[in-house]
Amino acid sequence: MAASDELGALTKAFSGFGVDEKSLISILGKWHPEQRQTFRKGTRDFFIQDERQFERWDDRHVIQLQHEFLRFKHAIVLWTMHQWERDARLLKEALYKGPQHNVLIEVACTRSSEELLGARRAYHSLFDHSVEEDVAFGIHGPERKLLVALVSSYRYEGPKVNEETAKSEAKFLFSAIKEAAGNKNLIENEEVVRILVTRSKLHLISVYKHYKEISCNYLDEDLDGHLYLQETVQCLCKPQTYFSKVLDASMIPNVDEIKKEAVTRIIVTRADVDMKQIKEEYNHKYGVSLPNKIEDVANGNYRDFLLTLVARGD
Amino acid sequence: MSSLSVPAHVPSVAEDCEQLHKAFTGWGTNEGLIISILGHRNAAQRKSIRQVYAETYGEDLLKALDKELTNDFERIVLLWTLEPSERDAYLANEATKRWTSSNQVLMEIACTRSPKELLLAREAYHARFKRSLEEDAAYHTHGDFRKLLVPLVSSYRYGGDDVNLTLAKSEAKLLHEKISKKAYNDDDLIRILATRSKAQINATLNQYKNEFGNDINKHLKADPKDEFLAILRGTIKCLVCPEKYFEKAIRLAINRQGTDEGALTRVVATQAEFNMKIIKDEYQKRNSVPLDRAIAKDTTGDYEKMLLALIGHGEA
């Protein structure tokens, strides 16, 4: 490989998601001290010129590198876990790092009733608390009621839906959204929360359908500006669209670590559920296949592991 | 402890079914036979009886009972024959319907059952009513009652004995603060009652008493006619001393002008295989008369006989 190619390859090996172990070994392993110095002098991103005449690693990048090297380990551990433990730990982390409302909503709304119940049981074992008590304690503000109720729900999962009720609830949502126009307090509307938090998913899909007939827009579109309600509806009614969106927003260069973690989380938690539909949705929305996108932005073992997961069920 | 007495030598399920079928056929019904069988079988046995009865006679035992029995006796036999989780689901559903609506019953079921039992009730609710308990509870309750009851029926409390005393102190203080301001429907007050484990709540209420001199319920009596305060007091009682709650429920049911059979039936049928012994002890302590005698005085006929059988009257 030509020298400049090697510099490029090494930079790429250290950038994006995960690290390219093979390139690091083959290139760095054979470089003489002068070549390594050229690398340090040449890459502004990773190294800074110290006042005492040497190039030092940028601390922030070293910290980021720690995340990148560990990304593969994290994915493997998460993948190996029992689903209940996985979800319980995701919920706990979401409370403690942030809190990350979107992750709480995602786990509470995209799992089946039995899966969510299992996660709640595991939460008792792991943390000696109920998830609802921790969410209630850790979340403040008007969104607390929504989130506590979402993690406590045990929705009916059978086929029966009362179309009349669905229609009238769609009508209600339409006028409630219109009235709240501009205000941030739609999330405090008890009836709106009641519908989203207690009704079965099939019922809500019917509500979603009726809503479109009344409004000409989709329910989640009209909920622009009410982020938590919007995410709740998307997760409940169109999870694959939601997941494609989050994946795409996470696979952007230089995005923050919290967003990057979404890639591992979504791919590991959906690989055996609806990865096929997510791939279709992703391709449809963004014109590029999900595996290709992953090839582009990810490196090494981490990339290979993701690709294997994404290919399951093909 | 259960007050149910099952005979040492239980007849086979087939025999029980045959006897029950006999009790229905011919002129009138042999209520005594029904009481002597169903009144002395535990949940697993009743379940087998229902199954085999349906297989043998092609009819659900409950339907047969419904056809043959009436009024209070029928209600207690029907409720009793159901499995605990189905029974809770049935009562909860009844409590959301217009003519039988009862915030108290919803609260009672949500708070006196163990976390696991409440979960089973919610599962049974799905199966029987094709909706979730919380969606019906949310739909049929309003305002502050909804704010309190929906989280209560949705809770899955941690079931262990682990308690955080520092948290108990700070939450006791928080409760006192809200109560002094008469903010009875405050989000944090409801949060504590609806999400903390029973052991933790117990610790918190002990701290409350230590700090502020009185039982928390004494501070929740501002307005005797306020139904929400009554439900709040009931919630607390159900969570930390359910036997006292049930003793009072039975006492009020019996002392009322004419008896409140609904409440009496509900408490006996739901507690006979769980806490009835300790409730009987509470009753004796509080009223200086055994529960058997109070029930015998206040009720009659087959209804009385079934109640007495379930509370273990006359058994060794």
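Every chain is numbered from 1, with letters handed out A, B, ... down the list of sequences.
For B:Lys178, the NZ atom counts as densely surrounded, since its 6.0 Å shell holds more than 12 non-hydrogen atoms of other residues, nucleotides or ligands. Atom NZ of B:Lys209 sits in a sparse spot, with 12 or fewer heavy atoms from other residues, nucleotides or ligands closer than 6.0 Å. Atom CG of B:Leu79 has more than 12 heavy atoms from other residues, nucleotides or ligands within 6.0 Å. More than 12 non-hydrogen atoms from other residues, nucleotides or ligands lie less than 6.0 angstrom from CG of B:Asp215. More than 12 non-hydrogen atoms from other residues, nucleotides or ligands lie less than 6.0 angstrom from NZ of A:Lys92. More than 12 non-hydrogen atoms from other residues, nucleotides or ligands lie less than 6.0 angstrom from CZ of B:Phe228. The number of heavy atoms from other shown groups lying within 6.0 Å of CZ (B:Phe212) is above 12. No more than 12 heavy atoms of other residues, nucleotides or ligands shown are found within 6.0 angstrom of NZ on B:Lys173.
For the residue pair B:Glu123 and A:Tyr154, the shortest heavy atom distance occurs at CG-OH, 3.0 Å. Looking at every heavy atom in both residues, B:Ser132 comes nearest to A:Thr198 through OG-O, 3.4 Å.
Residues A:Arg144 and B:Arg191 meet the side-chain proximity criterion, which asks for heavy atoms closer than 4.5 Å. For the pair B:Tyr139/A:Arg199, a side-chain contact is recorded, criterion being any heavy-atom separation below 4.5 Å from C-beta on. Taking the side chain as every heavy atom from C-beta outward, B:Glu134 and A:Ser153 approach each other to under 4.5 Å.
Using a 4.0 Å cut-off between charged side-chain N and carboxylate O, A:Glu132 and B:Arg196 make no salt bridge. Ion pairing of B:Asp187 with A:Lys145 is present here, as a side-chain N (NZ or NE/NH1/NH2) and a carboxylate O approach within less than 4.0 Å.
For a residue to count as touching a neighbouring chain, one of its non-hydrogen atoms must lie under 4.5 Å from one of that chain's; by this rule B:Gln200 does not touch chain A. Residue contact with chain B, scored on non-hydrogen atoms closer than 4.5 Å, is absent for A:Ser125. Contacts between A:Ala136 and chain B at a heavy-atom distance below 4.5 Å involve backbone atoms as well as side-chain atoms. Looking at A:Phe137, the atoms closer than 4.5 Å to chain B (heavy atoms on both sides) sit in the backbone and in the side chain alike. Using a 4.5 Å cut-off between heavy atoms, B:Tyr125 does not touch chain A at all.
With a 6.0 Å cutoff to the six-membered ring centre and a 45° limit on the axis angle, B:Arg122 does not count as a cation-pi contact of A:Tyr156. Note that A:Arg120 lies outside the cation-pi zone of B:Tyr158, set by a 6.0 Å cut-off to the ring centre and a 45° limit from the axis.
Contacts with chain A were tallied for B:Asn164, B:Asp162, B:Leu119, B:Val153; B:Leu119 has the most, counting heavy-atom pairs under 4.5 Å. Listed options B:Asp188, B:Ile192, B:Ile190, B:Leu133 were ranked by heavy-atom pairs under 4.5 angstrom with chain A; first place goes to B:Asp188. Taking chain B as the reference chain and counting heavy-atom pairs below 4.5 Å, the highest number among A:His203, A:Arg194, A:Arg121 is found for A:Arg194.
Remark: side-chain polar atoms of A:His129 are not paired, donor with acceptor, to backbone N or O of B:Arg157 under 3.5 angstrom.
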Stepwise side chain to side chain contact (heavy atoms under 4.5 Å, CB included) check, B:Lys147 with A:Glu190: CA-CA 9 Å; B:Lys147 248 178 108 165; A:Glu190 287 183 359; 4.2 Å; yes
Salt bridge (charged side-chain N to carboxylate O under 4.0 Å, His left out) between B:Lys130 and A:Glu157, worked out: CA-CA 8 Å; B:Lys130 315 285 185 237; A:Glu157 295 205 299; over 6 Å; no
